[in-house]
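These notes concern the structure reproduced below.
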Amino acid sequence: MPTIREESPQDYRKSHSIWAVVFFVLLLLALGTAWIQLRPAPRIVSQSQKQYWASVSVSSSRGSIEDRNGVSLAVSVPATSFFIDPKFWDPASADILKPYFGANVAAKFAVPLHGRFHWVARNVPLDKAEPLARQKVPGLYTLSERVRVYPHGALASHVLGFCDIDGYGQAGVELAWNHILFSPPRTRFLTRDSHGRTLDTMGGKSGVVKNTSGSIKLTLDSRVQQIMEWRLAEGAEAVGAEWAAAVCVDPWTGEIVALASYPSLDPNDRKNLGDQRAVRNNVVGRIFEPGSIFKPIAMAVAMETAATSPNTTYSCSGSIQVADKRIRDVNMRAHGKQDLTHVLMNSCNIGMSIMSGNTPKHQAYGMLKQFGFGEKTEVEIAGEESGLMQSPEEWIGTVPANIFIGQGIAVTPLQAVMAIASVANGGTLLKPYIIQEVRDSSGAILHKGDKRVRYQVMSKPTSDFLRQAMAKVVSEGGGKAAASKRTVIAGKTGTAQVAGDGEYAKGQYVASFVGFWPAEKPRYAMLISIGEPKGQRYYGGQLAAPLFKSIVDDIVQITNN
């Protein structure tokens, strides 16, 4: 039977000695590795610097924006950015940059530079970048980025807005919905291989970049939008207007079908973005006294508070004394005996002033608030103004009369058209919206625009009466210049003075026309305003009404509505 040998104390000490040696060797190796990493030799540092420069954040793909019919309005496309590494750049080569980026850029790189990385130009279109990239100039390198492009130039630019050089929204839908459209910048590691060639390496755990941006579909119809922009610019330029605005909505849903502001801008040209007149969206970002386009709304308030009725008549002598001021009609014209329909047809200031005196001011104020005046519509566009309306405690003297003729109150074009849309749809004030659908990066729907009722601002009999009266304004009254042979238009003209520094500016006016069509069963409601035109023609019936008619005719031709 075999015997079991017991381990002697000498064997035990020998085994532990061997393991101690192993541990000591491993410790030496670890310390040596750490020393080399922390205190590398100058030769190694020099060699590594030739292979590694820096990590740089570059723009990534941003979510698309399209109109209601799927027409792309904003997309991200590949672009090339150029940078210089002074370690390999010869300042004598700077002249090669001049034909591509101009003399100022060339001069910047014609002198010795410090550091290892300097941008030359960002987001250069591929067709323009390729000739320079092919020359492989020492020290001049490229990076692949994504640039925001608006395929139709200035079309809907005041709705879309624009982005900064890094793809971050700065205005319009781009800003308001940046949290959906924006995709965080990608990190690029800039290295060189053993042959000195540039390597553009993606940061992260893998080389595949996940697109995290969503997409947006608007309620805009790009066909109607194009018509509106062309006609608005044509009309504004013909009279040297300082500004202009136009907006068309569906009165039954609140959808914004088209929205245009003048002057316009092309967001593809970044030089335009410094022009604040062009950047401003006059439809939501400008307030003005509406003038007589406000009279249908004031009349609705008076009818709903029983201060007047379709059978009420007013005697117009051309002027009337209200408190310490005298209110006049245009050219002091006396209209004589006027019922409500003729008050609108003749845009009679006297009839509206008398009407205001019979309307309880607190009720009138409350109803105008329900019409949306003095507060934002909360449309999904950045830069919206609230407008101005005095509190009922301030409705003293001539204030009520002024408000009833569209003075002493400031509104945005969007507020005004939504109020008139309530006349067209039977008396319901709707919340306007311009976002039809929002999807995330996987295509799942995050939001869908839909009809939202704010208030029932008038009864159906009141809206029916006003709709018929506004149709007569166009067929027989002061809005004849808006009459169309293609459809029946109902509307109202307006001419307002421009207020500033506590008084009205001499010779400065805003000419407007607001209406809807077809009159009996409206499909669209629209407002046109021409701000501060030059010359002797400045009335809404002279400038805005014929422009409204030309836009309607074009829209009817392409939509049959």
Side-chain angles (χ1 to χ4, degrees), residues 57-80 123 125-126 143-153 155-188 200 202-226 249-250 252-259 267-268 377-382 430-452 559:
S57 293
V58 297
S59 57
S60 56
S61 186
R62 188 173 171 86
S64 64
I65 306 175
E66 60 185 32
D67 83 339
R68 67 194 305 148
N69 300 312
V71 176
S72 294
L73 300 176
V75 296
S76 291
V77 300
T80 298
N123 299 332
L126 297 182
L143 276 175
S144 297
E145 292 200 75
R146 306 285 291 187
V147 62
R148 197 60 160 172
V149 170
Y150 304 89
H152 304 282
L155 184 69
S157 61
H158 290 93
V159 174
L160 300 172
F162 52 88
C163 300
D164 64 15
I165 195 71
D166 294 310
Y168 198 93
Q170 299 294 296
V173 171
E174 296 277 33
L175 173 58
W177 291 84
N178 189 69
H179 61 291
I180 294 294
L181 297 168
F182 183 68
S183 186
R186 298 166 296 172
T187 299
R188 294 283 188 177
D200 180 4
M202 181 69 63
K205 295 182 179 179
S206 71
V208 179
V209 179
K210 182 180 179 181
N211 182 12
T212 60
S213 59
S215 61
I216 290 178
K217 176 177 282 191
L218 303 177
T219 60
L220 293 186
D221 185 327
S222 57
R223 301 170 302 166
V224 178
Q225 180 73 28
Q226 188 70 80
V249 302
D250 184 329
W252 301 97
T253 64
E255 292 175 305
I256 297 177
V257 181
L259 184 157
N268 293 312
T377 69
E378 297 183 355
V379 69
E380 314 98 319
I381 305 176
L430 301 177
K431 182 181 183 295
Y433 67 97
I434 202 165
I435 304 298
Q436 187 178 93
E437 191 176 86
V438 178
R439 293 178 179 268
D440 65 15
S441 57
S442 66
I445 295 177
L446 300 177
H447 167 78
K448 283 185 75 73
D450 201 2
K451 175 180 177 179
R452 289 181 59 185
T559 65

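Here the structure is a predicted model, which means the values were calculated and not measured. The first residue in the sequence is number 1, and the count goes up from there.
Put simply, the side chain of Gln225 gets close to the backbone of Leu259: a donor and an acceptor are under 3.5 Å apart. At least one donor-acceptor pair under 3.5 Å links the side chain of Asp221 to the backbone N or O of Arg223.
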If you apply the rule side chain to side chain contact (heavy atoms under 4.5 Å, CB included), what do you find for Val159 with Ile65, and how did you get there?
CA-CA 11 Å; Val159 174; Ile65 306 175; over 6 Å; no

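Closest of all the heavy-atom pairs between Gly169 and Asn178 is N-OD1, 2.9 Å. Across all non-hydrogen atoms, the minimal contact from Leu430 to Gly254 is CD1-N, 3.6 Å. Here the closest non-hydrogen pair linking Ala74 and Glu174 is CB-OE2, 4.1 Å. When all heavy atoms of Phe182 and Gly167 are compared, the pair lying nearest together is CD1-O, 3.3 Å. Of all non-hydrogen atoms in Leu181 and Arg62, the two that sit nearest each other are O-CG, 3.2 Å. For Asn69 against Asp67, the heavy-atom pair with the smallest separation is N-OD1, 2.9 Å.
Taking OH from Tyr433 and NE2 from His447, the interatomic distance works out to 8.5 Å, rounded to the nearest 0.5 Å. Note: Gln170 CD to Arg148 CZ = 13.0 Å, rounded to the nearest 0.5 Å. Here the OG1-CG distance, from Thr80 to Leu143, works out to 9.0 Å after rounding to the nearest 0.5 Å. Going from atom CG of Leu155 over to atom CG of Leu73 covers 6.0 Å, rounded to the nearest 0.5 Å.
No side-chain heavy atom of Val257 sits under 4.5 Å from any side-chain heavy atom of Val249. Using a 4.5 Å heavy-atom cutoff, the side chains of His152 and Val71 are in contact.
Evaluation of the side-chain contact (heavy atoms from CB on, under 4.5 Å) rule for Gln436 yields Arg68, Lys217, Thr219, Glu255 as partners, not counting sequence neighbours. For the salt bridge (charged side-chain N to carboxylate O under 4.0 Å, His left out) test, residues two or more places apart in sequence or in another chain that qualify with Glu437 are Arg439, Lys448.
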